[in-house]
Amino acid sequence: MPKRSCGALAATDIGTSAEINGWVNRRRDHGGLVFIDLRDRDGITQAVFDPAQTAAFEIAQTLRNEDVVRITGLARRRPAGTENSKLSTGEVEVAVERVDVLARSLVPPFPVNADADVDESLRLKYRYLDLRRSRLQRNLTVRHKIVKAIRDFFDEREFLEIETPCLIKSTPEGARDYVVPSRVYPGTFYALPQSPQILKQLLMVGGIGRYMQIARCFRDEDQRADRLPEFTQLDVEMSFVDEADVMTIMEDCIVYTWRVALGLEVSQPIPRLTYAEALARFGSDKPDMRFELELRDVAAAFAGTPINFLAEHASGDASRIIAVRYPGGASLSRRDFDALTESAKTFGAGGLIWICYPVDGWKSSIAKLLDDTTVETIRELGGAEPGDALLLVAGPTQLASDVAGKLRLLVGDKIGHRPTDRFAFCWVKDFPLFERDPETQAIAPTHHPFTSPAPGQEALLDTDPFAMRAQHYDLVLNGFELGSGSIRIHDPEFQRRIFQLFGLSEQTIADRFGFFMDALQYGAPPHGGMAWGIDRLVMLACGEPSIREVIAFPKNQTARDLMMDAPSPISQEQLRELGLDLKAKPARGANPLT
RNA sequence: GCACGCGUAGCUCAACGGUAGAGCAUCCGGUUGUCGACCGGAAGGUCGUGGGAUCGUCACCCAUCGCGUGCGCCA
């Protein structure tokens with residue numbers, strides 16, 4: 001007898017016998033007739049129990065949601081008028097002749113057969129139940145398809161997928177490491193990789209040429225909706241390539257993946273912006289390109305203004321007065337503008353100026369300080385149409401740009417221009433090679449210390465490092481950084497100078513990067529690559545607000561696994577073997593649900 | 001570490017400072033074409049925790065715990 005999945009039963013099966021296994025999604029007991037919706041990953045099939053089949057009928061009356069059963073019976077067409085167009089199997093049903101209860105279920109702590117919102121902690125504690133629900137079934141399916149498409153894409157181009165170790169050496173800089181104590185060498189520790197960066201560069205030195213990996217990475221930093229301590233990267237590296245080579249192949253990969261996994265066409269070429277352009281036009285180095293609303297500099301309207309708090313920002317390169325257009329914003333209430341002002345303040349601005357342009361006349365938060373001419377000049381510079389409003393942010397260039405960029409996203413949200421089912425990619429390139437730590441003013445890499453400067457700029461290292469551009473490119477989707485890549489330094493002497501620039505001593509370089517510096521001296525090919533955040537990519541593809549929705553067993557925002565209740569203390573025996581003494585008592589397991 | 005929001009029945013949520021309630025789920029009974037079945041009934045609460053103000057609190061104040069979002073952090 002053929003086995004059928006719950007979603008596979010079709011009109012072509014009518015008249016045949018079938019065996020179907022699944023979970024009881026719902027029972028509808030009509031007394032003289034019982035319906036069971038049987039569910040598996042594939043779908044739902046309706047089983048009908050008739051009193052004539054005495055044994056099966058009696059069992060049917062005892063079935064409850066999430067019991068696991070095997071039914072056998074005749075697939076038949078549903079009586080006319082009782083078809084269910086909501087189900088793919090809605091034309092047919094199984095007249096059950098025999099039912100075996102394979103497992104009983106307790107009453108689940110939340111509804112498994114509905115998509116209703118449930119407290120996320122509860123979902124995480126009972127993740128195996130949450131996984132049965134359609135949302136995660138769908139998301140994990142999409143994730144599989146995306147990862148498979150990526151692997152197929154690189155396989156066809158003769159990349160090798162190579163696994164790199166998870167127990168590696170701690171290197172300074174960057175995020176905090178997760179560490180694992182060594183039993184064999186008490187007092188020493190492995191670190192878990194923050195990314196396979198150095199390893200993939202060594203694969204290039206090793207003559208692999210084209211490498212890819214779906215790699216697990218670990219960073220001991222605080223969480224966000226799109227960031228967990230443990231995450232997955234697509235890691236790619238190639239030898240004898242330039243920036244354009246890498247960007248082309250990664251762009252092709254996105255197009256292929258979207259087509260094959262999602263059935264969507266991404267229009268090419270994907271727009272390319274310089275870092276400076278992205279900041280000026282969108283106030284962000286990861287602009288959301290789903291909508292226009294570009295930022296406009298309206299400082300010219302305030303040239304020679306007597307308004308003190310604007311005059312200081314109205315000229316020169318150090319300051320800006322930036323307008324964000326709010327289409328239809330003229331009809332907003334005073335309360336709405338107050339809320340926008342509050343938002344601007346939380347973004348770091350001192351305040352917010354708004355000007356409304358209804359069909360007749362104008363209104364503004366600083367109406368007393370403005371005249372018709374100035375207001376009209378601002379309107380022209382800001383590109384406002386009748387019915388719009390302009391939100392003005394004044395301040396030091398970086399701050400004003402950043403706040404305006406965030407206001408732009410807020411306006412985009414309010415006018416519904418950021419739908420999760422639209423995908424707008426862009427490249428951002430020509431990043432500065434270095435930036436200053438805002439607190440210490442120390443020089444630091446914008447990307448990482450292995451990034452190569454733009455060709456021919458090496459000499460600037462001694463004279464004006466902050467003028468140097470990097471061969472560094474980001475792929476951005478809907479305002480999220482999907483991934484970063486760069487052409488790496490393959491000259492050991494230049495790499496040494498970069499490390500020294502960041503204040504690493506010869507000794508530190510030798511201790512931490514000795515193996516890497518050695519390798520560069522044995523014929524390292526020019527190379528470069530990229531890494532994407534797979535969780536983020538799938539999250540966006542699924543239209544989900546958090547990467548937890550596309551990971552089977554995620555940690556929560558406080559880095560706990562609520563299902564396993566990890567992390568947890570270990571035994572004295574384990575500590576002794578590892579040569580560890582605890583200074584602090586283990587933190588109490590913080591799971592409120594246990 | 002900081003800011004904001006949330007915490008009431010198994011789930012999702014209500015409740016003007018004056019007797020804690022609804023829908024769904026659960027349990028029982030009825031029910032032969034439902035598919036969020038239906039009808040009738042029952043059971044289910046330390047209002048996160050601890051203080052305080054008040055004649056009186058789920059509601060107000062303080063502290064604390066948990067969860068979420070953001071900031072810091074994330075080469």
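Source: prediction; values computed, not measured. Chain identifiers are assigned alphabetically (A, B, ...) following the order of the sequence lines, protein sequences preceding nucleic acid strands; residue numbering begins at 1 within each chain.
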**Q** Any N or O donor-acceptor pair linking the side chain of A/Gln223 to the base of B/G70 at under 3.5 Å?
**A** no
**Q** Would you say the base of B/U34 and the side-chain of A/Arg27 have a donor-acceptor pair closer than 3.5 Å?
**A** no
**Q** In the structure shown, which nucleotide is the Watson-Crick or G-U wobble counterpart of B/A25, with both distances under 3.5 Å?
**A** none
**Q** If the threshold is 4.0 Å, N to carboxylate O, is there a salt bridge linking A/Asp119 and A/Arg123?
**A** no
**Q** Is the base of B/C11 touched by the side chain of A/Arg123 through a donor-acceptor pair closer than 3.5 angstrom?
**A** no
**Q** At under 4.0 Å, does any side-chain N or O of A/Gln46 touch on OP1 or OP2 of B/U34?
**A** no
**Q** What's the closest nucleotide to the side chain of A/Arg64 if the choices are B/C11, B/C27, B/A75?
**A** B/C27
**Q** Quick one: does A/Arg227's side chain have a donor or acceptor within less than 3.5 Å of a partner on A/Asp222's backbone?
**A** yes
**Q** Under 4.0 Å between a side-chain N or O of A/Thr346 and OP1 or OP2 of B/C4?
**A** no
**Q** Take atom C1' in B/G70 and the same atom in B/C47, then report the distance between them in whole Å.
**A** 29 Å
**Q** So if I apply the side chain to side chain contact (heavy atoms under 4.5 Å, CB included) rule between A/Thr164 and each of A/Asp235, A/Leu199, A/Leu202, which one comes out positive?
**A** A/Leu199
**Q** From the options A/Arg104, A/Arg39, A/Arg27, select the one residue that forms a salt bridge (charged side-chain N to carboxylate O under 4.0 Å, His left out) with A/Glu66.
**A** A/Arg39
**Q** Side-chain N or O of A/Arg512 less than 4.0 angstrom from OP1 or OP2 on B/A75?
**A** no
**Q** Any donor-acceptor pair, under 3.5 Å, between the side chain of A/Arg76 and the base of B/G33, if you only look at N and O atoms?
**A** yes
**Q** What about A/Asp222: does its side chain form a donor-acceptor pair under 3.5 Å with the base of B/G72?
**A** yes
**Q** Determine whether any donor atom in the side chain of A/Arg227 lies under 3.5 Å from an acceptor atom in the base of B/C73, or the reverse, and answer yes or no.
**A** yes
**Q** Looking only at N and O atoms, is any donor in the side chain of A/Arg224 or the base of B/G72 less than 3.5 Å from an acceptor on the other one?
**A** yes
**Q** Could you give the distance separating B/A20 and B/G45 at their C1' atoms, to the nearest angstrom?
**A** 8 Å
**Q** Does the side-chain ring of A/Phe35 sit on the six-membered ring of the B/U34 base, less than 5.5 Å centre to centre and under 30° in tilt?
**A** yes
